[in-house]
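One-based numbering, in listed order, for ligands and for the atoms of each. None of the values given here were measured: they were computed from a predicted structure.
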Amino acid sequence: MGAGIVGTATSWHLSRLGHAVLLLDPCLASAVPKASSQRRLNGSTASLGVLMGHAFRRSSGRGWRLRQLSMALWPSWVSQLDHPTSPLSLQTPLAQLAASEEEAERMRQLAQARQGRGLRFLDEPALPPAPTPWPRPGHGALLSEQDGRVDPLGLMRALRRAFDAQGGTMQATTAQRLERSGAGCEGRWRVITADGDPLRVDAVVICSALGSSQLIEPLGHHRPMGAVLGQVLDLKLPNPQSSWKDWPAVLTCGGVNLIPHGDQQLWLGATVEPGTVADSSHVFAMKTLNKLAPPWLKDAECIGQWQGLRARPQDRPAPLLEHLEPGLILASGHYRNGVLLAPASAEWVGQQIDSSILTGS
Ligand SMILES: Cc1cc2nc3c(=O)[nH]c(=O)nc-3n(C[C@H](O)[C@H](O)[C@H](O)COP(=O)(O)OP(=O)(O)OC[C@H]3O[C@@H](n4cnc5c(N)ncnc54)[C@H](O)[C@@H]3O)c2cc1C
């Protein structure tokens with residue numbers, strides 16, 4: 001349930017493993033949008049698709065392991081999903097500007113420890129030439145050769161195509177309620193949809209982000225999540241001579257991603273605003289890069305803007321990957337990293353389903 005990136009990726013992966021998969025989401029009534037725009041978006045269609053796995057600060061724990069697994073899976077996922085009708089590529093590298101000497105020192109140590117993973121610290125990064133030099137906090141930068149981004153809309157199209165080609169079924173409807181089937185019934189779970197169809201299935205995988213809690217609460221599973229809004233700007237550079245020569249696929253400055261696209265455009269994002277109401281002061285702080293914006297960025301014209309909601313688990317770390325009871329699996333609450341973690345989450349769900357078939361649980 002849920003055809004954002006997590007649900008669609010999981011559906012494709014399960015169908016590759018040989019399972020009969022039905023994917024439900026009202027958003028399947030329309031094609032994946034060509035570009036993100038002002039209209040209401042789920043987390044995935046609002047996302048910037050940044051994959052920051054190797055440059056992650058921690059070196060242990062579940063978050064690190066999930067990132068490592070995803071980063072190992074991404075190249076083969078992209079090559080299997082890339083198709084003439086839904087082209088897909090990984091765009092690398094990613095550079096993070098240090099905001100202070102302290103942060104620069106942490107980055108140096110990280111680069112030292114992870115040389116084999118393509119990390120380097122640049123004390124004096126060779127700045128791309130005018131008219132679009134990088135912002136200059138002046139403390140060096142961490143370059144991660146294998147991190148970068150994937151186009152989230154292209155990814156959604158590629159996943160839908162591959163899932164369909166694999167024999168998966170998509171239905172544009174909302175799952176309204178889940179019921180445990182009685183003993184001896186075919187299928188362990190009944191899914192009541194907005195169309196009124198009661199569907200009988202062996203397993204339910206809930207990938208409905210903010211819509212997940214209300215599906216599992218009546219079954220006795222309390223997993224509250226809060227919305228965290230994110231805004232993105234699409235900027236057009238003032239100078240027709242602008243070029244993105246020597247720019248990485250993603251440049252991060254003070255937590256803001258600068259992503260060049262086209263000849264003269266740049267996505268800038270994303271704000272982190274608890275709640276569902278957008279606040280223009282966050283956009284102002286982002287556009288000025290907290291006073292670090294170079295003149296060309298200040299002068300850039302805003303030609304597009306959008307927002308989306310992330311699902312953040314309350315009182316538990318993101319994401320929520322839990323086998324709640326036999327045949328009821330939660331893969332949700334991916335908060336700020338659902339694109340990055342989609343392959344690892346899908347693998348985890350596949351393992352849960354396969355092991356429950358083996359053990360008959
Ligand atoms: C502005 C912004 C920028 C971001 N940038 C990045 C980034 O650079 N890198 C990164 O990794 N992550 C990023 N994220 C986070 C990422 O987008 C999310 O973590 C990810 O999209 C979550 O995917 P999802 O499939 O779980 O949820 P969603 O994409 O929100 O999809 C959930 C789907 O569930 C459906 N649904 C809900 N209830 C039901 C129901 N009852 N029945 C059926 N369907 C239901 C909804 O219609 C929806 O389509 C960003 C998020 C935002 C908002």
Residues in side-chain hydrogen bond (donor to acceptor under 3.5 Å, both in side chains) contact with Glu179, at least two apart in sequence or another chain: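 side-chain hydrogen bond (donor to acceptor under 3.5 Å, both in side chains) list for Glu179, sorted by chain: Arg177, Arg190.
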
Pairing residues for His261 by the ring pair (Phe, Tyr, Trp, His ring centres under 6.0 Å) criterion, not counting sequence neighbours: Trp267

Donor-acceptor contact present, side-chain Arg16 to main-chain Phe163, <3.5 Å: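 No; zero donor-acceptor contacts below 3.5 Å.
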
Test item: Asp147 side-chain N/O and His54 main-chain N/O as donor-acceptor pair under 3.5 Å: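 Checking the backbone N and O of His54 against the side chain of Asp147, a donor-acceptor pair under 3.5 Å is found.
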
Whether Trp296 and Trp244 hold their rings parallel, tilted or perpendicular, with breakpoints at 30° and 60°: perpendicular

Partner set under side chain to side chain contact (heavy atoms under 4.5 Å, CB included) for Ala249, not counting sequence neighbours: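 Ala249 satisfies side chain to side chain contact (heavy atoms under 4.5 Å, CB included) with Gln91 once adjacent residues are dropped.
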
Output, or 'none' if empty, a list of ligand 1-protein atom pairs in which both atoms are N or O and the distance is under 3.5 Å, rounded to 0.1 Å.
| from | atom 1 | to | atom 2 | distance (Å) |
| --- | --- | --- | --- | --- |
| ligand 1 | 5 (N) | Ser47 | OG | 3.4 |
| ligand 1 | 5 (N) | Leu48 | N | 3.2 |
| ligand 1 | 8 (O) | Gly49 | N | 3.2 |
| ligand 1 | 8 (O) | Val50 | N | 2.7 |
| ligand 1 | 9 (N) | Val50 | N | 3.4 |
| ligand 1 | 9 (N) | Val50 | O | 3.0 |
| ligand 1 | 11 (O) | Val339 | N | 3.1 |
| ligand 1 | 11 (O) | Leu340 | N | 2.9 |
| ligand 1 | 12 (N) | Arg336 | O | 3.0 |
| ligand 1 | 17 (O) | Gly43 | O | 3.0 |
| ligand 1 | 19 (O) | Tyr335 | O | 2.8 |
| ligand 1 | 19 (O) | Gly338 | N | 2.9 |
| ligand 1 | 21 (O) | Ser44 | N | 3.0 |
| ligand 1 | 21 (O) | Ser44 | OG | 2.8 |
| ligand 1 | 23 (O) | Ser44 | OG | 3.3 |
| ligand 1 | 25 (O) | Ile5 | N | 3.2 |
| ligand 1 | 25 (O) | Val6 | N | 3.0 |
| ligand 1 | 29 (O) | Gly43 | N | 3.4 |
| ligand 1 | 29 (O) | Ser44 | N | 2.8 |
| ligand 1 | 29 (O) | Ser44 | OG | 2.5 |
| ligand 1 | 30 (O) | Gly43 | N | 3.0 |
| ligand 1 | 41 (N) | Ala175 | O | 2.9 |
| ligand 1 | 42 (N) | Ala175 | N | 2.9 |
| ligand 1 | 47 (O) | Asp25 | OD1 | 2.9 |
| ligand 1 | 47 (O) | Asp25 | OD2 | 3.3 |
| ligand 1 | 49 (O) | Asp25 | OD2 | 2.7 |
| ligand 1 | 49 (O) | Asn42 | ND2 | 3.0 |

